[in-house]
Structure formats: structure tokens, C-alpha cells
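Working notes for the structure below.
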Amino acid sequence: MSDKTKGGRLPSAASDEGYAQRYRDNPPPSPERRRFLTGTAAVGMAAGAGGLFTGGRELLASNPDSLPPNVPDWSRYLGAGVDAYPYGAPVEFESHVVRRSVEWLTATTESSVNFTPIHEMDGFVTPNGLCFERHHGGMAIIPPDDYRLMINGLVERPLIFTLQDLMRFPPESRFHFLECAANSGMEWRGAQLNGVQYTHGMIHCVYYTGVPLKTLLNEAGIKTSGKWILAEGADSSGMTRSIPLEKALDDCLVAYSQNGERLRAEQGYPIRLVVPGWEGNMWVKWLRRLEVGDQPWYHREETSKYTDLLPDGSARKFTWTMDAKSVITSPSPEKPMLSEGPQVIKGLAWSGHGKIARVDVSTDGGINWQPARLHEPVLSKSLTFFSLPWSWSGGEALLQSRAVDDTGYVQPQMAALQEARGVNSIYHNNSVQTWLVNANGAVDNVRLG
Ligand code: MTE
Ligand code: CO
């Protein structure tokens with residue numbers, strides 16, 4: 001693990017373009033990592049792995065007196081009372097399961113990003129306190145009584161809703177993933193960040209409850225000339241995105257809850273837009289206005305930003321949908337091999353086009369593949385959790401996963417993606433990730449070919 005990636009809240013972040021620029025100015029010193037590390041590479045260098053690797057030795061208990069057949073203290077004495085924690089927090093032993101930032105992607109904390117610890121996720125639901133955050137102008141704090149949502153533009157009846165007004169419409173609830181278009185963006189030219197939290201952690205998946213956007217637009221009455229929606233945030237960044245009416249009337253939600261409780265301030269309290277399967281930037285947080293128009297607005301976030309520069313110098317226009325992608329979350333640089341013999345390979349897969357149909361896993365760098373087990377439920381435009389039993393003989397291995405969605409689309413290898421889009425892109429990197437399992441159990445981010 002290089003010291004480029006450090007845990008904890010670091011002085012934070014530039015705009016996505018900011019780190020894009022820094023990436024271009026400062027490409028990684030040696031993007032071509034050695035394909036195989038030899039000897040005794042320091043396992044303590046793997047992110048979060050310091051002291052964890054036991055090489056198959058028995059783990060030492062912190063207090064041998066608590067081991068069987070002795071009666072441990074927690075069985076002999078009364079525990080904490082039921083009102084000890086009015087709002088629950090994770091047990092102290094799991095305090096390493098936190099969002100983390102990357103120092104060199106961080107200019108100010110107000111324009112920043114941190115990453116979901118996806119290597120710690122068993123299942124497809126992200127706990128609210130672990131959802132990564134991306135703010136372009138800091139986190140707005142909006143008292144619910146002062147909140148208003150306006151609908152204007154090409155509508156029969158311009159409307160202003162209070163939060164209570166929104167709560168009176170019949171709600172809808174669905175799981176959806178949100179992936180920042182810049183997720184894995186630092187990996188376009190070579191393996192760079194040695195941790196799955198950093199390479200793939202700009203993603204979360206929660207259970208949203210809210211009002212279908214269609215319901216509110218119908219309430220205002222869209223004029224026949226209305227073809228586009230502008231969604232605008234109430235934070236200082238002036239976040240605005242154009243959304244085609246077809247999508248707005250299809251599956252978008254004006255959400256007030258995540259995982260059964262009100263949105264976190266980080267996620268846009270009291271209201272955020274949910275745009276299933278489409279790039280995270282369009283999911284406007286602290287939503288204050290929806291304007292109906294007859295053409296896109298071509299605002300900053302959909303022109304100079306969140307646009308992919310192609311090899312011929314032209315740019316891909318409106319790359320809204322997040323294509324199928326997957327990653328092995330364990331083993332990973334943060335989850336090294338602790339012993340030889342039977343293991344479980346675990347990971348996450350998703351597609352902005354629908355459901356995951358299959359995930360193939362390779363342990364030899366993409367030569368041979370076998371299908372992983374998809375854990376139910378497998379939902380549309382949601383994360384899907386997969387696993388595959390694997391026996392590790394102690395040698396080197398190259399782990400890859402490859403998602404196939406229900407449109408038949410197959411997640412590409414990086415060589416194919418670069419052939420189509422060159423190396424100037426930041427956004428929409430959905431290529432296959434490779435982890436090198438070293439003979440000593442440490443796991444590294446590598447690029448093949
Ligand atoms: N909405 C507003 N109002 N302001 C923002 O800075 N960031 C966008 C989007 N919506 C942003 C916003 C980006 S780039 C992403 S990836 C997602 O919110 C991040 O959502 P999260 O913070 O819930 O992870
Ligand atoms: Co983003």
C-alpha cells in the first residue's frame with residue numbers, strides 16, 4: 001500500500017475535474033506494476049492489513065482466560081442496559097469499517113469525495129453511515145420546515161410543495177445503486193490505488209422511499225412542448241442536470257428515506273432525486289427545483305464535466321447509463337489471504353440497464369472462468385452480491401470477475417475499453433479489475449496486458 005491512500009478524514013477534495021486534472025498532470029510513477037511480486041513483500045503494506053496476516057497460524061486471543069473451558073466475563077456479569085444506546089452504533093471492534101478519503105484527490109473538505117468500504121459489505125445493502133459522499137459545495141443542512149420544492153417551466157400549474165405535501169402522495173420503495181461516473185476513474189491508464197475501497201468505493205445501494213417523479217409532474221401538468229426536466233439542488237454548488245422527460249416519467253423517485261429512515265444530510269436531506277441506473281451526478285441532492293423545458297440546458301455538469309474525451313478529441317455526449325460492472329471485494333488489497341485451503345471469493349455486480357444475469361470469476365487472469373453464485377434478491381439497477389468457493393494452494397493467483405447483465409452485455413476488459421475510448425477518459429470505467437494474490441497472501445491491484 002503506498003502512502004497515497006490513508007484512512008480517516010483527510011483535508012479534502014477537488015471537483016471530479018480537479019482530480020482528473022491532477023491525474024493528467026501527475027500520472028502514477030510506475031503504472032506498470034510487476035506482474036508477480038516475489039519473495040516476502042511486506043504484507044503490512046496492504047491497506048488495512050497491518051498485523052492481520054497470520055500465514056495460517058492460530059490467531060491469539062486478547063485474553064486466553066476467556067477461552068473455553070473457562071467462563072468469560074461477558075457470561076458472568078450483567079451486560080449494558082437496553083437504553084444504553086438510544087441510537088445504535090457499530091460495536092467497537094468494527095471501528096475500522098468507515099468511509100475513507102484519498103489525500104491526493106482531496107483539495108478542500110467542501111468539494112470532496114470519500115469512499116464506501118465495500119470490502120466490508122456482506123450483501124448488497126449499504127448501511128446509511130457507510131454511504132460514500134460526494135459534495136461539490138459542502139453538505140447543506142436544511143431544516144425540514146424550511147424546505148420547499150418548486151416545479152416550474154412548461155407546466156399548466158407551477159407548484160411549490162412543502163415536505164408534508166410530498167409525504168401525502170402514495171409512496172414507492174425500491175433498492176437502487178448509485179455509482180459516481182468517476183468511480184474507478186483513476187485506473188484508466190494503469191493500476192493505481194491499492195485498495196478496492198478506493199478503486200470501486202464511489203458506490204452505494206440503499207432502499208429508497210419517495211414519491212414517483214411522474215406523480216409530481218402529472219400534478220403540475222406537463223405542456224405538450226415539455227420534453228426535458230432540469231433538476232436543481234439547494235446547496236451552494238448550484239448542481240443542475242438535464243433529464244429527458246421519458247426517464248423522468250419512467251422510474252425516477254423524489255426520495256425522502258434511505259433504508260427505512262429519513263435521508264442522511266450527506267445524501268441530500270430532506271429530499272434527493274433518484275435516477276435509477278444513471279450516473280450519480282444526476283441524482284441531485286437537496287433537490288429544490290424541477291423545471292420543465294423543451295430542450296436540454298447544457299449546464300456545466302453535463303458539458304465540461306461528466307463528459308468523456310475520446311481519442312479523436314471529440315466528446316461522448318450524455319453518457320447517462322452506468323454499464324454493467326463487477327468487482328471482487330474479498331480477497332482484495334484490504335482483505336489479504338489469511339490461510340491456505342478453502343476460501344470464499346465475494347464481490348458485487350451491477351448494471352444500469354437492468355438485472356445482473358451472471359457473474360464469471362477467474363483465478364488465472366481471465367484464461368478460465370466459472371460462474372459465481374448470485375445471492376438473492378437479484379434486483380434491477382441494484383447491487384447484486386455474489387460468491388464463489390475457492391481453494392487457495394498458497395501460490396500466486398490473478399483474480400477477476402466479469403458481469404453479464406440481462407441485455408446480454410458483457411463487462412469489458414480494459415484493453416477493449418481503451419481501444420474504444422482511448423486513455424483520456426475519467427468517467428465510466430467499467431472494465432474488469434484484476435487482483436494479484438501473492439504467495440505470501442498479500443493482495444495487490446495490477447493491470448494485465
Ligand atoms: N447534488 C447536489 N445538490 N450537490 C452535489 O454536490 N453531487 C453529485 C450527486 N448529487 C451532488 C449532488 C455527485 S457527483 C454524486 S456521485 C452523487 O450526488 C453522490 O451522492 P452521495 O453523496 O449520496 O453518495
Ligand atoms: Co459523482
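The shortest distance between side-chain heavy atoms of P412 and N430 falls below 4.5 Å. A heavy-atom distance below 4.5 Å is found between the side chains of V113 and F132. A heavy-atom distance below 4.5 Å is found between the side chains of V446 and L398. The side-chain heavy atoms of R241 and N281, taken from C-beta on, include a pair separated by under 4.5 Å. In this structure the side chain of I118 never reaches within 4.5 angstrom of the side chain of Q197, judged on heavy atoms. Using a 4.5 Å heavy-atom cutoff, the side chains of M322 and H428 are in contact. In this structure, T329 and M121 have side chains that are not in contact, with every pair of non-hydrogen atoms separated by 4.5 Å or more. Here the side chains of I345 and P331 are in contact, with some heavy-atom distance below 4.5 Å.
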Passes ring-ring contact (aromatic ring centres under 6.0 Å, His included), F124 versus F385? Steps please. CA-CA 5 Å; F124 71 102; F385 185 53; 8.8 Å; no
List the steps, then state whether side chain to side chain contact (heavy atoms under 4.5 Å, CB included) holds for M239 with E301. CA-CA 7 Å; M239 177 68 58; E301 304 288 318; 3.7 Å; yes
Worked verdict on K325 versus S431 for side chain to side chain donor-acceptor pair (under 3.5 Å): CA-CA 7 Å; K325 184 168 170 180; S431 63; over 6 Å; no
Intermediate values then yes/no, side chain to side chain contact (heavy atoms under 4.5 Å, CB included), I142 and R288: CA-CA 11 Å; I142 305 179; R288 77 166 162 212; over 6 Å; no
Apply side chain to side chain donor-acceptor pair (under 3.5 Å) to the pair D405 and Q411, showing each step before the final yes or no. CA-CA 9 Å; D405 70 17; Q411 181 183 0; over 6 Å; no
Could you please spell out the steps behind the side chain to side chain donor-acceptor pair (under 3.5 Å) verdict for N259 and N128? CA-CA 7 Å; N259 290 335; N128 287 340; 3.0 Å; yes
Apply the test side chain to side chain contact (heavy atoms under 4.5 Å, CB included) to residues Q370 and L388: give CA-CA distance (whole Å), side-chain angles for both, the deciding distance (0.1 Å), then the verdict. CA-CA 9 Å; Q370 48 184 320; L388 182 73; 3.8 Å; yes
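Relative orientation of the W283 and H176 rings is perpendicular, given thresholds of 30° and 60° on the angle between their planes. Using a 30° and 60° split on the angle between ring planes, H135 and W286 fall in the tilted class, from 30° to 60°. The aromatic rings of W435 and H200 lie perpendicular to each other, with more than 60° between the two planes, well past the 30° mark. Note on ring orientation: taking the six-membered ring where Trp is involved, the planes of W320 and W278 are parallel (angle under 30°, cut-offs 30° and 60°).
S332 OG to D444 CG: the interatomic distance, rounded to the nearest 0.5 Å, is 11.0 Å. Atom NZ of K335 is separated from atom CD of E120 by 3.5 Å, given to the nearest 0.5 angstrom. Note that CD1 of I367 is 9.5 Å distant from CD of Q400, once rounded to the nearest 0.5 Å.
A donor-acceptor contact closer than 3.5 angstrom is absent between the side chains of T240 and E232. No side-chain donor-acceptor contact under 3.5 Å links T209 and S257.
Proximity of the aromatic rings of F115 and Y198 is defined here by a centroid distance below 6.0 angstrom, and this criterion is met. No close placement of the W188 and Y427 rings is indicated, their centers lying 6.0 Å or farther apart.
The pair R264-E261 meets the salt-bridge criterion, since a charged nitrogen lies less than 4.0 angstrom from a carboxylate oxygen. Ionic pairing of E266 and K285 is not present here: no N-O contact between side-chain nitrogen and carboxylate oxygen is shorter than 4.0 angstrom. We find that K381 and D251 are joined by a salt bridge, their nearest charged nitrogen and carboxylate oxygen being less than 4.0 Å apart.
Closest heavy-atom contact between G441 and P336: O-CB, 3.3 Å. Between V344 and S387, the shortest heavy-atom distance links the atoms CG1-CB, 3.8 Å.
Among the candidates R358, Q433, Q413, the single residue satisfying the side chain to side chain contact (heavy atoms under 4.5 Å, CB included) test with R402 is R358.
Atom NZ of K247 sits in a crowded spot, with more than 12 heavy atoms from other residues, nucleotides or ligands closer than 6.0 Å. Counting non-hydrogen atoms of neighbouring residues, nucleotides and ligands closer than 6.0 angstrom, the CD atom of Q164 reaches no more than 12 such neighbours.
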